[in-house]
Amino acid sequence: MSKSKTAVASHNDATIHERRKADHIRINLEEDVRFNKLTTGLENYFFMHQALPEINLANVNTATSLFGKTLNTPLLISSMTGGTAEAGLINRILAEAAQEVGIAMGLGSQRAALEDDNLAHTYHVRHVAPDILLFANIGAVQLNYGYGLDHCHRAVEMCEADALILHFNALQEAVQPEGDGNFANLLNKVEQICQNLPVPVIAKEVGWGFAEETARQLANAGVAAIDVAGAGGTSWSQVEMYRAPTARHARVAGAFIDWGIPTAVSIQYCRRAVPSLPVIASGGIRNGIDVAKCIALGANLVGFAGDFLRAADQNGVAGVVELTETVTDELRVAMFCAGAENLATLATTPLHTNYFP
């Protein structure tokens, strides 16, 4: 292929990615993309209320650390967006808020910017968030479509990230008309990235959860953490249903509205499979009580996506800060009433499914 044709193809690919990113933001803000009947499963668990907690609420401590950075509270702004002007503004809002409240942040897939340098600025957030724990992000399946160690290096360097997310979105790719469906022999390529990239690699689902055996395979390949991103929150097959170019595409995507592993189940699968690795809980987390349950089930960090996106869209940095502080207040009260003064104690606090053994 001539250089001119290669340039045109690259430009067309970047345009497709940019349009898709814009669609994803619009659909998440405007449409109902929740699961129908499938839930996170967190509602099935509760803490036994401690009327005499024997701790001082003022001393309840939500601080934690991951990859050498201290966080004021175990919250993550989960990966969402990038690659458009609107997405760049959203990322800067989210990052500035994360810096103010001391939480972690993941960027959306950087594929668009890796294929068009003009979009890299939409992922530049270090100037407003110099201290946050920040994750770069590319799709794992792209390792089967020409991506390699150099692309991973570039993604990390582009945003000065502390770690790289490889996201696993098999169902989403399968129902996208332009999706990349070749997931064959991918694990060995993931292992090569883990062995050679100088920053930790995080394996992340995008809303359907990891099974226990998959988590074990990824741990053996060398990932440094797993983000379960379980079912019960945003259904990305529903998002793709709203993008579908034909009724047939829409029907296929819509059939998977209740597909996946609930978040509460996937946390336990991953914790059982990789007892020594950090586990990030995400997928349908609604409040600080959910956060407390996730920690007690085995998570080290808990991610929110849609709520942060809406807060940023509606009220900017102040809205994201307010949401973070509110969720942290809820977490602190839940810890207090469960008798847990810190996250280490919360992690060993039993959850119950009924009031009588």
Side-chain angles (χ1 to χ4, degrees), residues 9 12-41 78-84 87 108-109 111-112 115 137-147 165-187 189-190 203-211 213-215 217-218 227-263 265-266 269 282-284 305-306 309:
N12 289 340
D13 286 346
T15 301
I16 290 170
H17 302 327
E18 191 171 358
R19 187 183 308 119
R20 183 164 62 218
K21 294 291 186 183
D23 285 346
H24 287 167
I25 294 172
R26 175 185 57 79
I27 291 166
N28 273 280
L29 289 173
E30 297 177 1
E31 305 290 352
D32 184 356
V33 290
R34 295 171 294 179
F35 287 75
N36 182 26
K37 296 178 182 177
L38 193 63
T39 68
T40 64
S78 290
S79 301
M80 283 180 278
T81 194
T84 70
S109 172
R111 181 180 175 189
E115 298 181 7
N137 183 359
I138 65 173
V141 73
Q142 296 311 313
L143 299 176
N144 274 346
Y145 289 86
Y147 278 36
I165 288 171
L166 290 178
H167 68 260
F168 294 78
N169 62 335
L171 177 53
Q172 184 180 16
E173 296 287 356
V175 298
Q176 275 182 358
E178 71 277 33
D180 296 322
N182 181 14
F183 277 71
N185 304 311
L186 189 57
L187 190 61
K189 295 175 183 177
V190 171
K204 172 181 169 56
E205 238 286 352
V206 302
W208 296 287
F210 283 117
E213 180 56 27
T214 306
Q217 289 174 310
L218 289 165
D227 185 338
V228 308
T234 298
S235 168
W236 282 93
S237 56
Q238 284 297 103
V239 174
E240 297 302 337
M241 182 191 76
Y242 284 107
R243 292 185 63 243
T246 68
R248 179 176 175 178
H249 279 105
R251 176 173 173 172
V252 172
F256 291 87
I257 190 170
D258 281 323
W259 183 276
I261 304 168
T263 297
V265 176
S266 193
Y269 280 163
S282 63
L309 176 63

- prompt: Where do Phe168 and Val141 land on the side-chain contact (heavy atoms from CB on, under 4.5 Å) test, with the steps shown first?
  reply: CA-CA 7 Å; Phe168 294 78; Val141 73; over 6 Å; no
- request: Taking atom types as modelled, find out whether Ser109 and Asn137 have a side-chain donor-acceptor pair closer than 3.5 angstrom.
  value: no
query: Does Thr214 have any side-chain hydrogen bond (donor to acceptor under 3.5 Å, both in side chains) partners at least two apart in sequence or in another chain, and if so, which?
result: none
field: Counterpart residues, side-chain hydrogen bond (donor to acceptor under 3.5 Å, both in side chains), relative to Asp32 (two or more places apart)
entry: Arg34
message: Measuring only between side-chain heavy atoms, which start at C-beta, is Glu205 closer than 4.5 Å to Ser282?
response: no
- prompt: Of all residues at least two apart in sequence or in a different chain, which pass the side-chain contact (heavy atoms from CB on, under 4.5 Å) check with Val239?
  reply: His24, Ile27, Asn28, Val33, Thr234, Trp236
field: Evaluation steps, side-chain contact (heavy atoms from CB on, under 4.5 Å), between Arg111 and Ile138
entry: CA-CA 6 Å; Arg111 181 180 175 189; Ile138 65 173; 5.9 Å; no
Pairs of donor and acceptor atoms involving the side chains of residues 247-254, under 3.5 Å and at least two apart or interchain, shall be tabulated with distances.
unit_1 : atom_1 : unit_2 : atom_2 : d
His249 : ND1    : Thr246 : OG1    : 2.8

- prompt: Is there a side-chain contact between Tyr269 and Glu213 (heavy atoms, below 4.5 Å)?
  reply: no
- prompt: Do other residues, nucleotides or ligands put more than 12 heavy atoms under 6.0 Å from Phe35 CZ?
  reply: yes
- prompt: For the residue pair Gly260 and Pro262, what are the closest heavy atoms and their distance?
  reply: O-CD, 3.8 Å
query: Under 4.5 Å between any side-chain heavy atoms of Ile165 and Ser79, yes or no?
result: yes
message: Tell me every residue that passes salt bridge (Lys or Arg N to Asp or Glu O under 4.0 Å) with Asp258, counting only those two or more places apart in sequence or in another chain.
response: none
task: Drop me the distance from Leu166's CG to Leu143's CG, to the nearest 0.5 angstrom.
output: 6.0 Å
statement: Closest heavy-atom pair, Pro177 versus Pro245, reported as atoms and distance to 0.1 Å, is CG-CD, 3.2 Å
Sequence-distant partners of Asn182, side-chain contact (heavy atoms from CB on, under 4.5 Å), two or more places apart: Asn144, Tyr145, Ala184
query: Considering residues at least two apart in sequence or located in another chain, which fulfil the salt bridge (Lys or Arg N to Asp or Glu O under 4.0 Å) criterion with Glu240?
result: Arg243
- line: Residues passing the side-chain hydrogen bond (donor to acceptor under 3.5 Å, both in side chains) test with Ser266, sequence neighbours excluded, are none
field: Heavy-atom closest pair, residues Val206 and Gln172
entry: CG2-OE1, 4.2 Å
query: How long is the gap from CG on Asp180 to OH on Tyr147, to the nearest 0.5 Å?
result: 9.5 Å
task: Tell me, please, which residues at least two apart from Ser235 pass side-chain hydrogen bond (donor to acceptor under 3.5 Å, both in side chains).
output: Ser237
message: Run the side-chain contact (heavy atoms from CB on, under 4.5 Å) test against Thr263 and tell me which residues pass, sequence neighbours left out.
response: Thr40, Val228, Ile267, Ile285
query: How would you list, by chain and number, every residue that makes a ring pair (Phe, Tyr, Trp, His ring centres under 6.0 Å) with Tyr242, sequence neighbours excluded?
result: none
query: Taking side chain as C-beta onward, heavy atoms only, is Asn169 less than 4.5 Å from Phe183?
result: yes
task: Please name all residues satisfying side-chain contact (heavy atoms from CB on, under 4.5 Å) with Ile257, sequence neighbours left out, ordered by chain then number.
output: Asn36, Gln238
message: Would you compute the distance between atom CG of Leu38 and atom CZ of Phe256 and round it to the nearest 0.5 angstrom?
response: 13.5 Å
